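No hydrogens, no waters, no symmetry mates; every other heavy atom, side chains included, goes into these values. Predicted model only: the values in this text are computed from it and were never measured.
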2 protein chains.
Amino acid sequence: MAVTLADVAARARVSAATVSRVLNGNYPVAENTRARVLRAVADLEYVVNGPASALAAATSDLVGILVNDIADPFFGIIASAVQSEMSTATGQHIGNGAHPRTGDSDTRRNPGSGPALVPAGEKLAVVCNTGGSPERELMYLTLLQRQRAAAVVLTGGAVEDAGHAAAVTAALTRLAAAGTRVVLCGRPPLGPEAGAREARATAGTRTDLEARIFQRAAHKAGAALSPVTLAFDNRGGARRLTEHLISLGHQCIGYIAGPVGRTTTRHRLEGHRAALAAHDIPDPAHRTVHGAYDRAAGYDAALELLRRDPTLTAVIAANDTAALGACAALRERGLRIPGDVSVAGFDDLPFSADAAPALTTVRLPLQEAGARAGRLAMGRETPPPGEITTLRADLMVRESTSSPYS
Amino acid sequence: MAVTLADVAARARVSAATVSRVLNGNYPVAENTRARVLRAVADLEYVVNGPASALAAATSDLVGILVNDIADPFFGIIASAVQSEMSTATGQHIGNGAHPRTGDSDTRRNPGSGPALVPAGEKLAVVCNTGGSPERELMYLTLLQRQRAAAVVLTGGAVEDAGHAAAVTAALTRLAAAGTRVVLCGRPPLGPEAGAREARATAGTRTDLEARIFQRAAHKAGAALSPVTLAFDNRGGARRLTEHLISLGHQCIGYIAGPVGRTTTRHRLEGHRAALAAHDIPDPAHRTVHGAYDRAAGYDAALELLRRDPTLTAVIAANDTAALGACAALRERGLRIPGDVSVAGFDDLPFSADAAPALTTVRLPLQEAGARAGRLAMGRETPPPGEITTLRADLMVRESTSSPYS
DNA sequence: CTGTTAGCGCCTTCAA
DNA sequence: TTGAAGGCGCTAACAG
């Protein structure tokens, strides 16, 4: 059927072993032999059989990046950074649309037509969209283990459910045991404690079966698994944001939280509440509304908050997208921002600075996080001591917030 | 090292073939044998070795989705749709953050802990970010061929360069020859003609080598390759958009085009110019500025257009993101939208409706396109007659455009 | 319905 | 520096 190593070997009049060696560049080969082989490869348009080589070598060049929502730039930015960092060729983002450069770089270019020359060691970084579904997350993890992926990067918040936490921990443990590098990026650390706390928190509603499953997985995982973790300081950022509003004079702040049962949602909400508590500002339950991390949810939530308490002077959303939805809702209600109501978001996605008014928010170093995760996944950067790094979350004050007395 | 089929077979006291059969569900197996095998699989936490099975079966469950910019929701939305359509489990997007449902669905669920049960035939849909780089595009194509991908979906505009077009055509031809399904989504059709026209257009600047390469590839590809194509009506949409502005009374319209050398850029620009020409409105070159498809480019371009011609009454951007950047620039210049200057975009991304003022734009059925591409890639939908479908591009009139006399 | 027998294409010792 | 040979784990005919 397809061209195989043997065909190339025959044409180059060498053994298959030699062809393998020049292709993998991990063994000395005479220069002219090497040239002959390369020519044969080009002539035959030979393309390595990935499965075969992965089988023989017991490793593959697949790297999986799991995201909760690929349509959300939050994840797109992280994934993009992970990928660029992983590509050996320093492929730049050709944003300005310049014609592809044809200059010869250091790397030898493709001689003639035929398949693109893939640098040895090049990884196939792929992003998998879980859509926030625990089942799909586990499925992808299994699928990646099947492929004997070289590395797996999990991004974004996790679902808070003891059973699922245990299952993920188990899956990651298996992956790690199989030699796959595991990196958590913008995701809270794993570990028995995390799961245990959840287990306690939801104990009332959990079945015995779930409890047992969890115990088993937690036990197996034990201290054995502690993947490299890059976490965002969601709590701290949220707290600083709310404190900013408080310092402006706001006392009556509505909070549009993310979906319930997600770590990110909880951490941001905790930060918000910590700020309120620190200033002895009451926080009645009706001032918090949960919703998805999208525009429509922000829109609906803002309306709901207003309905519950028309005296609100500020609204904080769990992310920028929802914040903009909230802005739209407030505007339609005839309220001016920040004149009548201040609005703030979280993440500092690119469009936030361009909104009208520009959105006050919390900047997360998405790019940096992705890049580091990429290097970690490639094994090009040694994990930080303790294996868990917390990334800064800086307050970005812009035009959408002001004093309520103005 | 890892648990293998043989281990499972031994534990279940059956042959490896039998285990394979129950796992792949493509062959009758006695119910109790089947149960025994499944139990062994769970006990041993066995996970299929993907490479090995791909090698033996000469196919894999990998499906690649190539996008130009994963951080751009335009691609995120398409990719997301492709993926959901591909997942056999009707995994919904859990947007409302409800706790994962634990109800037993029709599909048998994971018994106990252990690896997630992956439905037979489940594909691993992965998205590859080319960053708009032709080299990376080719590299990914080769990498996917290596993996013997089941299907490849190319999304978005293509780079217009004879050499590259030929290389892509050649790569896709090889892929198709190897049994990989190829789908073009939101990307203009391939084919010798397309390449040929480009070849002619740029003949002056091309080297003989490139010409020869192209000839060869075009010849090989010939009529042989005509992948299923889903194209957007970029020309028509752009034309209708510009006509809308003209009908409002605008005569002096600035155009912020996308990066040069891209099909999408050219098609939209052509539609714009066709509208102007049809109404005998002059179109001096200085009214068009090229830039990336991002916010910063739109911002800069708007400023440049204004500098060149302060009498502009409208600005059309090649996409929504750039349009919003342009809005920001105009606003900073003290111009009101649409009072002083009308602004329009393209794509109708979710945030466009929420901008202030809501953006007039052209809606592209991204979701629908992605979903169809997904079905096509899975072979679940037969290609339309002629194998090339053009998707509608509907004008969405909102608040950012108005008569220049208002 | 289940077991047996060959490979699938490549990598990797081990010799030469 | 190169060749020869065995096996990686699974699937797909064939038998039975």
Output the residues of residues 50-57 of chain B in contact with DNA chain C, where contact means a heavy atom of the residue under 4.0 Å from an atom of the strand; sort by number or write none. B/Leu55, B/Ala56
With sequence neighbours excluded, what pairs up with B/Ala151 under the side-chain contact (heavy atoms from CB on, under 4.5 Å) test? B/Val63, B/Arg181, B/Ala377
What is the distance, to the nearest angstrom, from the CD atom on B/Gln147 to the P atom on C/dC10? 13 Å
Salt bridge (Lys or Arg N to Asp or Glu O under 4.0 Å) filter on B/Arg375, not counting sequence neighbours, yields B/Glu85, B/Glu381
Contacts of A/Thr155 that satisfy side-chain contact (heavy atoms from CB on, under 4.5 Å) - sequence neighbours left out: A/Ile65, A/Val67, A/Phe75, A/Ile78, A/Val153, A/Cys185
Would you indicate, yes or no, if C/dC1 has its OP1 or OP2 atom less than 4.0 angstrom from a side-chain nitrogen or oxygen of B/Thr33? no
Using heavy atoms and a sub-4.0 Å distance, could you list which residues of residues 4-14 of chain A are near DNA chain C? By number, please. A/Thr4, A/Leu5
Test side-chain contact (heavy atoms from CB on, under 4.5 Å) applied to A/Ala12 - qualifying residues, sequence neighbours left out: A/Val14, A/Val37, A/Ala40
Apply salt bridge (Lys or Arg N to Asp or Glu O under 4.0 Å) to A/Arg11 and list each qualifying residue two or more places apart in sequence or on a separate chain. A/Asp43
Atom CG of A/Asn24 and atom P of C/dT12: how far apart are they, to the nearest Å? 7 Å
Nearest nucleotide by nearest heavy atom, which residue falls closer to the 5' end of DNA chain C, A/Ala16 or B/Asn32? B/Asn32
SB check A/Arg39 A/Glu45 (cutoff 4.0 Å): no
Using the test salt bridge (Lys or Arg N to Asp or Glu O under 4.0 Å), find all partners of B/Asp7 that sit at least two apart in sequence or belong to another chain. none
Under the side-chain contact (heavy atoms from CB on, under 4.5 Å) rule, collect the residues that match up with A/Ser15, sequence neighbours excluded. A/Ala17, A/Thr18
Residues two or more places apart in sequence or in another chain: which of them pass salt bridge (Lys or Arg N to Asp or Glu O under 4.0 Å) with A/Arg146? B/Asp61
Pairs under 3.5 angstrom, nitrogen or oxygen only, protein versus nucleotides 13-16 of chain C, please.
none

Compile the donor-acceptor pairs under 3.5 Å between side chains in residues 21-31 of chain A and protein atoms, sequence neighbours left out, one pair per line.
unit_1: A/Asn24; atom_1: ND2; unit_2: A/Ser20; atom_2: O; d: 2.9
unit_1: A/Asn24; atom_1: ND2; unit_2: A/Ser20; atom_2: OG; d: 3.4

